[in-house]
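Worksheet: the structure to be examined is printed underneath.
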Amino acid sequence: MPELPEVQTVVNSLRPTLLGRTIVAVGLARRDIVEPADIDLPALILGRSVRDIHRRGKRIVFTLDTAQRFYIHLGMSGRLTVGPESEAVGPHTHLQIRFENGAVLRFRDARRFGGVWWLGSAPDDDDTMGPEPLDLRPAELARRLARTRRAIKSALLDQSLIAGLGNIYVDESLFAAGIHPLTRADRLTRQQSVKLMRAIKATLRRALNHRGSTLRDYRDANGEAGNFQKLHRVYGRESEPCCKCKAPITRIVIGGRSTHFCPACQPRGKRKRG
DNA sequence: GTCCATGTTCTTTA
DNA sequence: CTAAAGAACATGGA
């Protein structure tokens, strides 16, 4: 479910009800969603209040009044909701946190690729996490892309190169920039990297304005769906006509991930040999 | 039964 | 040695 726009939308919808609130009960149904495995998460957060909630990459970072932090990653199928205690608890609800105002934060995740990571006083990221795309300057993107020979599609999915993009927004951004997804990252021209940086920012901002993409079951913390999926130009649109040129959208697999693009609007540049 | 899925990490290969 | 490709993880829906 979650890439930068969806994760940010969840954060935005959590803040009004949870900021400043005190944790009065914690129910951890599955201990194996917590890392590191040997900590007692309920004991660490019970009685604490929430000083801040923010996003870093695809992480939802909670800062407590003690300045200690933990983050929730939604993985592929994770959902984070707030609601009254009386609300029905859905399947695969692994963690519930009740606050003094009666709100209950619930974390559900059928596939369990997501989870909770206790940071303590460690920073909200580490040296393996790439920069935030919305703050990134084109020259820095170009510098980072120049270090790898992989396909641009795979490079943009690498969270250590740039943080927050996933399969949807990489495909949409490459379409917006007119770049073929198999183009080698280190072969982008200066103009292409500038165009790509602009395309990434514009795509993310538009997606944020539409509160993310709901494909299957993504919802914000209040259960509201996003709308950006209606504006996808290539993702999930295999064999439909391109919105610009009417050529059929093509789907290929790159690095094990479905990749959607318009072969006419995103021509493959000249390759060595072939 | 088959294939596919908004992600990350560990293992294998080149 | 390192970079990159591939497999694995767990579950559900079409």
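Residue A:T214 holds its OG1 atom at 5.5 Å from CZ of A:R219, rounded to the nearest 0.5 Å. Once rounded to the nearest 0.5 Å, the distance linking CD of A:E224 with OG of A:S13 reads 8.5 Å.
A salt bridge links A:R48 to A:D65: at least one charged side-chain nitrogen sits closer than 4.0 Å to a carboxylate oxygen. Salt-bridge check for A:E172 with A:R233: failed, with every basic side-chain N at 4.0 Å or more from each acidic carboxylate O.
Here B:dG7 presents its P atom at 8 Å from NE2 of A:H73, a figure rounded to the nearest Å. As rounded to whole Å, 8 Å separates atom P of B:dT8 from atom CZ of A:R257. Between the CD1 atom of A:I254 and the P atom of B:dA5 there is a distance of 13 Å, rounded to whole Å. In this structure, CZ of A:R147 is placed 16 Å from C1' of C:dA4, rounded to the nearest angstrom. Whole-Å rounding puts the A:Y218 OH to B:dG7 C1' distance at 16 Å. As rounded to whole Å, 15 Å separates atom C1' of B:dT8 from atom CG of A:L165. The CE atom of A:M129 sits 14 Å away from the P atom of B:dG7 (whole-angstrom rounding). Atoms CG (A:L157) and P (B:dT8) sit 9 Å apart, rounded to a whole Å.
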Please list, one pair per line, the donor and acceptor atoms closer than 3.5 Å that link side chains of residues 80-89 of chain A to other protein atoms, with sequence neighbours excluded.
residue, atom, partner, partner atom, Å
A:E85, OE2, A:R98, NE, 3.3
A:E87, OE1, A:R106, NH1, 3.4

For residues 157-164 of chain A, dump all side-chain donor-acceptor pairs below 3.5 Å to protein atoms at least two apart in sequence or in another chain.
residue, atom, partner, partner atom, Å
A:D158, OD1, A:S160, N, 2.8
A:D158, OD1, A:S160, OG, 2.7
A:D158, OD2, A:R150, NH1, 3.1
A:D158, OD2, A:S160, OG, 3.4
A:Q159, OE1, A:G164, N, 2.9
A:Q159, NE2, A:L157, O, 3.2
A:Q159, NE2, A:L165, O, 2.9

Please tabulate, for side-chain N and O atoms in residues 202-210 of chain A, each donor-acceptor pair with protein atoms closer than 3.5 Å (sequence neighbours left out).
residue, atom, partner, partner atom, Å
A:T203, OG1, A:A199, O, 2.7
A:N209, ND2, A:R205, O, 3.3

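In this structure, A:R59 forms a cation-pi arrangement with A:Y71, its terminal cationic atom sitting closer than 6.0 Å to the ring centre and no more than 45° off the ring axis.
Counting heavy atoms of neighbouring residues, nucleotides and ligands inside a 6.0 Å radius, atom NZ of A:K195 does not exceed 12 of them.
C:dG13 and B:dT8: their C1' atoms are spaced 22 Å apart (whole Å). Look at the C1' atom in both C:dG12 and B:dT9: the space between them is 22 Å, to the nearest Å.
In this structure, A:T148 reaches the C:dA4 phosphate: one of its side-chain N or O atoms is under 4.0 Å from OP1 or OP2. In this model, the phosphate group of B:dA5 is approached by a side-chain N or O of A:S258 to a distance below 4.0 Å at OP1 or OP2. Remark: A:Q159 is in phosphate contact with B:dT8, judged by side-chain N or O atoms under 4.0 Å from OP1 or OP2.
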Dump the pairs, protein N or O against N or O of nucleotides 1-3 of chain B, anything under 3.5 Å, distances to one decimal.
none

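When atom types are taken as modelled, the side chain of A:R31 and the backbone of A:I39 share a donor-acceptor pair closer than 3.5 angstrom.
Shown for residues 229-243 of chain A: residues whose heavy atoms fall under 4.0 angstrom of DNA chain B, namely A:Y235.
The ring pair (Phe, Tyr, Trp, His ring centres under 6.0 Å) check on A:F107 picks up nothing, with sequence neighbours excluded. By the salt bridge (charged side-chain N to carboxylate O under 4.0 Å, His left out) test, A:R30 is found to be paired with A:D32, residues two or more places apart in sequence or in another chain being considered. Residues satisfying the ring pair (Phe, Tyr, Trp, His ring centres under 6.0 Å) test with A:F99, not counting sequence neighbours, are none.
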Contact letters for nucleotides 9-14 of chain B, in which S counts primed atoms plus P, OP1 and OP2 and B counts the base, heavy atoms under 4.0 Å:
------

When every nucleotide of nucleotides 8-14 of chain C is labelled 5' to 3' by its protein contacts under 4.0 Å (heavy atoms), B for base, S for sugar-phosphate only, - for none, what sequence of letters results?
-BBBS--

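Among the protein residues, A:G166 comes within range of the sugar-phosphate backbone only, with heavy atoms under 4.0 Å from sugar or phosphate atoms but none that close to a base.
Note on residues 109-119 of chain A: pairs passing side-chain hydrogen bond (donor to acceptor under 3.5 Å, both in side chains), not counting sequence neighbours, are A:S77-A:D109.
For DNA chain B, if you chain together Watson-Crick or G-U pairs that step i with j, i+1 with j-1 and so on, the runs of at least three with distances under 3.5 Å are B:2-5 with C:11-14, B:7-14 with C:2-9.
A:F175 and A:I254 fall into different hydrophobic clusters, where Ile, Leu, Val, Met, Phe, Trp and Tyr residues are linked whenever their side-chain heavy atoms come under 4.5 Å apart, directly or through other members.
The closest side-chain donor-acceptor pair between A:Y218 and A:E3, if any, does not fall under 3.5 angstrom. At a cut-off of 3.5 Å, with distance as the only test, no side-chain donor of A:T9 or A:R211 sits close to an acceptor on the other residue.
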